[in-house]
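So that the names make sense, note that chain A is the first sequence line, chain B the second, and so on, each numbered from 1. What's counted below: heavy atoms across the whole structure, side chains too, no hydrogens, waters or symmetry copies. Keep in mind that what you see is a predicted model, and the values were worked out from it rather than measured.
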Amino acid sequence: MQQVTLSKRINELLVLAVLDRGPAHGYQIALSVDERTGGAFSFQHGTLYPILHRLEGDGRVRGRWQGEGRRRKTYRITRDGRADLAAGGAELERQMRALMALVRGSHAA
Amino acid sequence: MPREHPLAGVERELKVGPRRRLDLIEEVDADVRALQGELERRGRTPDEALEEALRQLVPAEDALEQLEARHGSRLQRRILAARWLDLAVRLGVGAAATLAGLAAITIAEPGPEGPSATLVWSQVILIALLAANAAWAGARLWIHGDLRSGERRLLWTRHGGLIVAAVALAALAAAWEGQIAFATIDPATVSSLFAWAVVQKVAHVAAIGLATAIFGLFGWLAITPRMITDEEVERRIARFFARGRPPLYPSTD
């Protein structure tokens, strides 16, 4: 897997977390992320698609076209995606804890 | 005045092959329609819902760059990363033209003498131009991953023109050789040996032109299968924009 920045990593985990609950179209992922994070995170200006396509390219999600004529694409998480979600979630939690400890520490000082 | 389809700009700006472009615009279009419907069900007006759906889902510049980086060829990614794409393409085209020209000179040596020599040697330039044209198309296809319809037409026009020019110049050179040889002698004294020598000269200059045309045709054949596939996808993209506007996007202001 290529190296990604923290914000990209968070975006990946957001998408994987939504897909962990079941297959979804791109717009459903965007809507779900917005709703489930209370608007703290949202995808704007099509930033969702590079993330989805990267995850698909890496085999962490699988995209499938449905329908004739007007096609729609549905994404589902793979086993690799679930493993990445678990590992990435744990790593992010550790990083956030360390970050908050530093931030709170600087406030206390 | 007809309003442009909101995804037309995405299709125009995205520098990846037509298959990827079609997939992306179909995916985004389906999502925009569905999100618009969902937002309308939640109480937004159609205009508000459409605006919100477009704002969220239509890829802007940053997303397009990331998509290009994701879907471009490995060669394209390496060259783009090194920031010497244009230079690489120019050098490749120049090298192909030079090599083809040098090969043609080597093959044609010592070549005919006299007036038709100019016409024959012009074939070397044509071969170099054919090689440059094919190399340019190859670079566009396999480095950029994309050759748009206009560029494709330009490629065929140039290639066709160069092939026709090669055949025409060869025919002219052959006729010239024959005319010079037979115009200066008395037909009654022509020996079969002399006639054979003239036929050889005529055949030689004609063969060089024919070889140039065949060289051009091979370049054509090498690229054509990919061109046909891409052209079919381009037609599907055109059909997408032709049918996609009315239900979702107002066609007039």
Side-chain angles (χ1 to χ4, degrees), chain A residues 1-5 7-12 14-15 18-19 22-76, chain B residues 6-7 9-11 13-14 16 19-42 44 49-72 74 77 81 236-237 239-240 242-244 246-248:
Chain A
M1 193 192 311
Q2 67 189 73
Q3 279 218 319
V4 291
T5 61
S7 65
K8 277 187 181 174
R9 188 71 179 127
I10 290 171
N11 286 335
E12 286 180 356
L14 288 167
V15 171
V18 170
L19 291 176
H25 299 296
Y27 85 95
Q28 291 172 320
I29 297 169
L31 212 53
S32 188
V33 164
D34 192 45
E35 285 173 354
R36 286 172 55 193
T37 63
F41 294 96
S42 67
F43 294 108
Q44 301 292 329
H45 308 299
T47 47
L48 173 68
Y49 296 104
I51 298 159
L52 274 172
H53 292 192
R54 182 168 63 243
L55 292 171
E56 188 183 17
D58 293 345
R60 286 177 281 169
V61 304
R62 188 173 298 127
R64 192 171 166 203
W65 288 100
Q66 291 168 319
E68 293 292 319
R70 281 197 200 289
R71 299 183 301 157
R72 299 179 74 180
K73 198 169 182 183
T74 310
Y75 293 92
R76 64 177 66 239
Chain B
L7 294 176
V10 170
E11 195 277 326
E13 295 300 320
L14 191 62
V16 296
R19 162 59 60 186
R20 291 285 185 194
R21 271 187 277 128
L22 177 65
D23 283 351
L24 182 76
I25 58 175
E26 286 195 340
E27 180 178 6
V28 176
D29 184 64
D31 281 342
V32 167
R33 284 169 192 279
L35 183 55
Q36 183 186 11
E38 183 63 38
L39 293 172
E40 281 181 34
R41 275 192 291 281
R42 295 177 182 200
R44 305 277 186 94
L50 173 61
E51 194 179 330
E52 175 63 20
L54 291 173
R55 192 172 55 77
Q56 281 198 30
L57 297 173
V58 174
E61 195 177 337
D62 186 45
L64 287 176
E65 279 177 16
Q66 289 182 48
L67 286 164
E68 279 171 20
R70 158 67 31 199
H71 295 303
R74 191 171 292 174
R77 283 201 290 273
R236 286 179 60 187
I237 291 172
R239 280 203 296 273
F240 167 86
R243 79 174 180 206
L248 177 59

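Separating the CG atom in B/Leu64 from the OG1 atom in A/Thr47 is a distance of 11.5 Å, to the nearest 0.5 Å. To the nearest 0.5 Å, the span separating OH on A/Tyr27 from CD on B/Gln36 amounts to 12.0 Å. Between B/Asp62 atom CG and A/Gln44 atom CD the span is 13.0 Å, to the nearest 0.5 Å. Distance CZ/A/Arg72 to CG/B/Asp29: 10.5 Å, rounded to 0.5 Å. Note that OH of A/Tyr49 and CG of B/Leu24 are 7.5 Å apart. Values are rounded to the nearest 0.5 Å.
Using a 4.5 Å heavy-atom threshold, the side chains of A/Phe43 and B/Gln56 count as separate. Side-chain contact between B/Val58 and A/His45: absent, with no pair of heavy atoms (C-beta onward) separated by less than 4.5 Å. When side chains are defined from C-beta on, B/Glu27 counts as touching A/His53, because their heavy atoms get closer than 4.5 Å.
Across all their heavy atoms, B/Leu57 and A/Ala30 have their closest contact at CD2-CB, 4.4 Å. Heavy atoms only, all atoms of each residue included: B/Ala63 and A/Gly46 are closest at CB-O, 3.6 Å.
Other residues, nucleotides and ligands contribute only 12 or fewer heavy atoms inside 6.0 Å of the CZ atom of A/Arg76.
With chain A as the partner, the residue from B/Pro59, B/Ala30, B/Ala60, B/Ala53 showing the most heavy-atom pairs under 4.5 Å is B/Pro59. Taking chain A as the reference chain and counting heavy-atom pairs below 4.5 Å, the highest number among B/Asp31, B/Leu35, B/Leu39 is found for B/Asp31.
Here A/Glu35 pairs with B/Arg42 in a salt bridge; the nearest charged N to carboxylate O distance falls below 4.0 Å. Using a 4.0 Å cut-off between charged nitrogen and carboxylate oxygen, B/Asp23 and A/Arg71 count as a salt-bridge pair.
Just one residue in the list B/Glu68, B/His71, B/Gln66 forms a side chain to side chain contact (heavy atoms under 4.5 Å, CB included) with A/Pro50, and that residue is B/Gln66.
Neither the backbone nor the side chain of B/Glu65 comes within less than 4.5 Å of any heavy atom of chain A.
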